[in-house]
Amino acid sequence: MASELRVNTLKDASGNNSVATSFVAGGSAKLWCCIQGTGTASIKDSFNTASFTDHGSGSYSVVATNAMSDTNYNKVSHGGDNSSSGGNVIVIGGQRGFSVTSTTVKLACSYHADSANLADVSDVNVTYFGDLA
Amino acid sequence: MASLLKVDALTGVTTAGSISVTGEGNSTTTNLQQGLAKHWVRFDQVNSNTFGDTFNSSSFTDVGTGYTTFTRTSNLANDDYPAFIGSEIHVSYTNASDSMLAGATQLSTSFMTTYHVENGSPTDTRTISMMAVGDLA
């Protein structure tokens, strides 16, 4: 049977470790996505992700299923290297010239040694924190 | 009316691993379990390799300069989880970054290895912070 619980604060049964439900909602990631960026790009695993687009070398956009309330949400991105020895230094950030929307960010990836050119990297990770619409 | 729920465990009714939480806009819901960070670490590689604080870490291994492997108490469902890493970098250093290593011996459901570089070479740092999201096993 489906059920709904309305509560302001959660504590463990001993009355410790109090957390307001506003922190549960506000502190939870609203989207996360891991993209395999090399070869045929694909989503490896995700949450609240409707789709992604491979825009060519080192450029990817991610679209949320449920939109954020505005465009000022926290967007964190990071790259994983496919080399067990560390390989090259990866740089990932929001792509200049793209206007973030309440659902979509565009990421640009490069290697530090060749930062003038975008490049595909093995793992492209992004997460959103902020308020849902 | 203010309310308080005292409980040690939360479990979904329809699906044990899925509880909906109403979002800040008072309409859209988000999944409680999927939105939670599953593993985070603040770690000092310089001063005797010590945890500043951590959640869901059982141990660490000093793999070498700039490399640390963090082992989890509770495993993730697969090795496709996103991870995010940041660190303290000396003000005069350039060409600095942090990576999660993806090699088979560096990344799994139960552990992951971080890699810190300064001036283009593996370097220990006083503060490395890591967070992994994804699905628990």
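Chain letters run A, B, ... following the sequence lines, proteins first and then strands; every chain starts at 1. Only heavy atoms go into these numbers, but all of them, side chains included; no hydrogens, no water, no symmetry mates. Values in this document were obtained by computation on a predicted structure and should not be read as measured data.
- Within the 4.5 angstrom heavy-atom criterion, no atom of A/Ser22 approaches chain B.
- Of the atoms belonging to A/Ile35, not a single heavy atom falls under 4.5 Å from chain B.
- With respect to the salt-bridge test (charged N to carboxylate O, under 4.0 angstrom), the residues B/Asp135 and B/Lys38 do not qualify.
- Residue A/Val76 touches chain B through both its backbone and its side chain, counting heavy-atom pairs closer than 4.5 Å.
- Within the 4.5 Å cutoff, no side-chain heavy atoms of A/Thr104 are placed close to those of A/Phe52.
- Counting heavy-atom pairs closer than 4.5 Å to chain A, the top residue among B/Val7, B/Val63, B/Thr30 is B/Val7.
- Residue B/Ser87 forms a side-chain hydrogen bond (donor to acceptor under 3.5 Å, both in side chains) with just one option from B/Thr127, B/Thr125, B/Thr123, B/Asp98, and that option is B/Asp98.
- In this structure, the side chains of A/Phe47 and A/Thr127 stay at 4.5 Å or more apart for every pair of heavy atoms.
- Comparing A/Ala13, A/Ser28, A/Cys34 by how many heavy-atom pairs each has under 4.5 Å with chain B, the most go to A/Ala13.
- Looking at A/Thr21, neither its backbone nor its side chain comes within 4.5 Å of chain B, counting heavy atoms on both sides.
- Contacts of B/Asn31 with chain A are made by both backbone and side-chain atoms, with heavy-atom separations under 4.5 Å.
- A centroid separation of less than 6.0 Å is found between the aromatic rings of B/Phe51 and B/Phe43.
- In this view, A/Phe129 satisfies the ring-ring contact (aromatic ring centres under 6.0 Å, His included) rule with no residue, not counting sequence neighbours.
- The minimum heavy-atom distance linking A/Val124 with A/Leu107 is given by the pair CG1-CD1, 3.8 Å.
- Proximity to chain B (any heavy atom under 4.5 Å) is restricted, for A/Val126, to the backbone atoms N, CA, C and O.
- Considering only heavy-atom pairs separated by less than 4.5 Å from chain A, the leading option among B/Thr113, B/Asp79, B/Ile85, B/Val133 is B/Ile85.
- We find that B/Glu88 and B/Arg42 are not joined by a salt bridge, their nearest charged nitrogen and carboxylate oxygen being 4.0 Å or further apart.
- In this structure, the portion of B/Thr29 lying under 4.5 Å from any heavy atom of chain A is its backbone and not its side chain.
- Contacts with chain A were tallied for B/Gly12, B/Ala83, B/Ala9; B/Ala83 has the most, counting heavy-atom pairs under 4.5 Å.
- Proximity to chain B is absent for every atom of A/Ser69, based on heavy atoms less than 4.5 angstrom apart.
- The most heavy-atom pairs under 4.5 Å with chain A, out of B/Gly23, B/Ser20, B/Pro82, B/Gly86, come from B/Pro82.
- Contacts between B/Thr22 and chain A at a heavy-atom distance below 4.5 Å involve the backbone alone (N, CA, C, O).
- Only the side chain of B/Val21 comes within less than 4.5 Å of a heavy atom in chain A; its backbone stays farther off.
- With sequence neighbours excluded, the residues satisfying side chain to side chain contact (heavy atoms under 4.5 Å, CB included) with A/Asn66 are A/Asn48, A/Leu132, B/Thr28.
- With a 4.5 angstrom heavy-atom cutoff, B/Leu10 touches chain A only via side-chain atoms.
- Taking every heavy atom of both residues into account, A/Tyr128 and A/Ala64 meet most closely at CE1-CB, 4.1 Å.
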